[in-house]
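Keep in mind that this is a model prediction, so the values were computed, not measured. Heavy atoms only: backbone and side chains are in, while hydrogens, waters and symmetry mates are out. When a ligand or atom number is given, it counts from 1 through the structure's own listing order.
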Amino acid sequence: MAELISATPEWAALEAHAAKIKQTHLRDLFKDDPARAGRYQTTVGDLVIDYSRQQVTDETIELLLELAEKAGLQERIQATLNGEPVNTTENRAALHTALRLLPLDTSQDTSALPDPLAEAAQTALKERKRMAEFVQAVDKGVIRGSTDEEFKTLVNIGIGGSHLGPQMAYHALAHHHHTSLFRATFCANLDFEDWADARFAGHLESTLFVVTSKSFTTPETLANLAHVKEMINEDWENHYHIVAVTAAPEEAAKHGIPPEHIFNMWDWVGGRYSLASVAGLSLMLTIGVDAYEDMLAGMRSVDVHFQNVSPERNAAIIGGLLAVWNRNFMGYPTRAVLPYSHLLRYLPDYLQQLEMESNGKSVTLDGTPVDYETAPIVWGGTGTNSQHSFHQLLHQGTQIVPVDFICANDMPVFDDELAQQDALIANILAQAAALAFGSNDDSLALHRALHGNRPSSIISVYDLNPNTLGQLIALYEHQVLVQGAIWGINSFDQFGVEHGKHLADQILNRTLDTQLDPATKNSLEVIKRQRNRKRLFN
Ligand code: F6P
């Protein structure tokens with residue numbers, strides 16, 4: 001078994017260094033080195049990441065880079081991007097970067113690329129061409145519903161990675177909805193209420209349902225698909241009312257979806273990394289082919305940066321290492337993501353799955369239990385709303401929560417919009433300053449005083465558009481990879497969610513009745529008593 005990263009001298013050096021940093025206030029770090037504002041900054045594409053308010057010095061960064069070298073970060077990056085089977089528990093590659101490697105209008109020669117990457121990129125491109133043709137045909141009204149109406153509304157049925165990415169990006173790009181499908185709804189939950197919202201999204205005859213499920217066995221998605229089939233015209237198989245996006249076409253076929261209505265994804269794409277695959281069909285249907293391609297171009301530019309730029313200037317490497325620093329050495333158990341943008345209101349939900357499903361692991365790649373922390377709890381909300389709910393804890397609570405402020409405005413058109421955007425920016429800067437430096441006024445009563453010394457980064461992009469959104473997504477994806485590589489874990493499986501699914505199934509089907517644990521038995525009894533109707537558990 002390989003040595004745990006925590007047993008290395010590089011780890012010990014960081015622990016010793018953290019003990020010193022914990023005694024140092026951010027105010028003093030800035031007093032001793034005012035130029036850190038501006039120096040502790042990385043740039044990738046249109047994104048500027050200002051990490052000067054993180055509790056780090058030059059020595060911290062040097063030590064983190066040494067840790068990265070010790071952990072074999074560069075090798076892990078290359079292995080992942082080249083398509084080696086880095087998802088060892090499932091013996092698969094994690095080739096989400098191949099999805100966006102080739103632009104739609106390319107005739108790029110891929111023969112110089114490693115085999116798995118070249119093949120995956122060509123396969124992905126071929127399917128994207130199919131997807132683009134479909135989108136254009138729907139947009140132009142060539143493909144219509146069963147009563148010959150043009151599609152006007154889209155309902156995406158899917159959950160987890162088949163939901164959070166498309167939903168987040170659809171809302172983020174609200175000003176880029178240029179196709180005739182002017183409105184989309186995202187239906188995910190097993191709760192009937194979610195379906196109830198979706199079914200009234202639009203006039204049924206002009207609604208296109210995109211059922212997105214990599215496995216096509218996910219109970220939530222199948223339950224919602226069953227509702228769709230109940231509701232729509234009996235003749236639906238002969239029309240494009242329901243299309244499926246899946247890596248398991250044979251499963252989709254079991255639900256009556258004709259082969260020509262199925263778009264393919266592959267087992268080498270993780271659900272939470274799949275927005276650039278056909279799982280992005282709902283998004284492409286609403287923003288159009290060009291805007292979608294532009295998002296992929298944004299992702300690609302960050303992939304190139306990640307693969308080629310030296311670690312000390314590499315935005316994803318530095319971002320990932322800072323996350324490790326805060327989690328393992330400063331001991332902060334959570335991280336908040338606060339987009340000051342209504343358009344990015346679903347970003348925290350999306351990042352929760354990306355980070356916590358990827359790196360919420362307790363064993364290394366060779367199965368050794370870790371003796372250090374892995375993924376923090378990622379949470380967040382939209383500013384300034386969040387200032388009026390949980391920022392009190394951020395400023396004065398007993399837990400220190402590192403924050404990612406996302407400053408991402410759309411291009412303002414009107415003067416009042418501009419004024420409100422100015423106010424949003426002022427609030428981000430005020431919050432970051434208050435967290436870092438506190439109130440700095442000794443005359444204040446203790447209950448009013450803000451001690452400060454609370455870290456944050458500001459990720460800013462002025463114009464939120466498909467390209468810059470793609471950049472932001474890829475940046476976070478790669479930061480996840482970096483953290484997983486340092487922790488020596490597999491960021492691409494998710495076995496933790498399986499057991500609960502089986503248990504729910506067994507409880508529902510009563511196959512576990514006699515073996516139920518006492519707590520479950522009791523809870524079941526309580527709920528049964530509360531429920532007058534005993535439909536399920538009589
Ligand atoms: O339960 C977790 C999970 O497997 C996620 O990893 C995935 O994104 C989600 O379920 C949905 O899976 P599918 O796309 O196969 O329906």
Side-chain angles (χ1 to χ4, degrees), residues 86-87 89-90 92-96 99 124 127 131 155-170 186-191 194-195 198 209-229 242-255 257 262-283 346-361 375 378 473 476-477 480-481 484 489-508:
V86 290
N87 178 356
T89 51
E90 297 177 300
R92 290 174 186 167
L95 266 173
H96 41 285
L99 298 169
E127 198 63 5
M131 183 174 155
V155 176
N156 185 82
I157 307 255
I159 198 163
S162 300
H163 161 74
L164 293 164
Q167 174 184 251
M168 180 275 291
Y170 168 78
F186 295 82
C187 172
N189 204 338
L190 197 49
D191 188 335
D194 200 0
W195 163 246
F209 293 91
V210 176
V211 185
T212 309
S213 175
K214 183 178 163 185
S215 62
F216 230 84
T217 56
T218 304
E220 292 87 341
T221 303
L222 296 183
N224 286 319
L225 169 60
H227 294 316
V228 179
K229 281 164 58 179
I242 305 178
V243 296
V245 168
T246 186
E250 67 292 350
E251 290 295 331
K254 287 183 195 164
H255 297 272
I257 318 270
I262 298 175
F263 292 90
N264 298 300
M265 55 194 289
W266 310 274
D267 67 359
W268 43 264
V269 186
R272 54 194 176 272
Y273 297 92
S274 66
L275 187 59
S277 75
V278 283
L281 178 60
S282 293
L283 181 65
Y346 290 107
L347 184 69
D349 297 15
Y350 167 73
L351 292 179
Q352 276 186 329
Q353 187 201 14
L354 180 66
E355 301 214 16
M356 292 162 73
E357 199 171 75
S358 295
N359 285 338
K361 310 286 165 63
V378 176
I473 294 168
Y476 272 105
E477 282 178 351
V480 167
L481 189 159
I489 57 178
N490 182 355
S491 303
F492 303 110
D493 64 10
Q494 58 281 324
F495 288 104
V497 294
E498 296 304 324
H499 184 56
K501 286 189 199 171
H502 294 312
L503 270 182
D505 205 36
Q506 288 170 322
I507 292 170
L508 185 64

Measure the spacing between [atom1] of [X] and [atom2] of [Y] and express it to the nearest 0.5 Å.
X: R272; Y: S358; atom1: CZ; atom2: OG; result: 3.5 Å
X: L283; Y: T212; atom1: CG; atom2: OG1; result: 11.0 Å
X: Q353; Y: H163; atom1: CD; atom2: NE2; result: 9.5 Å
X: E251; Y: S213; atom1: CD; atom2: OG; result: 9.0 Å

query = Do the rings of W195 and H227 sit parallel, tilted or perpendicular, given the 30° and 60° boundaries?
reply =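 The rings of W195 and H227 lie parallel, inter-plane angle below 30°.
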Indicate yes or no for a side-chain donor-acceptor contact from [X] to the backbone of [Y] under 3.5 Å, with no hydrogens or angles considered.
X: K214; Y: S274; value: no
X: Q352; Y: V378; value: yes
X: D194; Y: L190; value: no

With only distance considered, is [X] within less than 3.5 Å of ligand 1 through an N or O on each side?
X: G161; value: yes
X: T221; value: no
X: E357; value: yes

For [X], the ligand 1 atoms whose distance to one of its heavy atoms is below 4.0 Å:
X: K501; result: 1 (O), 4 (O)
X: Q494; result: 6 (O)
X: G160; result: 8 (O)
X: T218; result: 12 (O), 13 (P), 15 (O), 16 (O)

ask   = Can you find a non-hydrogen atom of E498 under 4.0 Å from ligand 1?
value =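 The answer is no: ligand 1 sits nowhere under 4.0 Å from a heavy atom of E498.
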query = Can E220 be said to touch ligand 1, with heavy atoms closer than 4.0 Å?
reply =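 Not so, E220 does not reach ligand 1.
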message = Could you identify the single nearest non-hydrogen protein atom to atom 11 (C) of ligand 1 and state the distance to 0.1 Å?
response =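 In this structure, atom 11 (C) of ligand 1 has I159 O, 3.2 Å as its nearest protein heavy atom.
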query = Which residue and non-hydrogen atom of the protein lie closest to atom 15 (O) of ligand 1, and at what distance in Å?
reply =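 Sorting protein heavy atoms by distance from atom 15 (O) of ligand 1 puts S215 OG, 2.6 Å first.
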message = Does only the side chain of K214 get under 4.0 Å from ligand 1, or the backbone, or both, or neither? Count heavy atoms.
response =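 Both backbone and side chain of K214 come within 4.0 Å of ligand 1.
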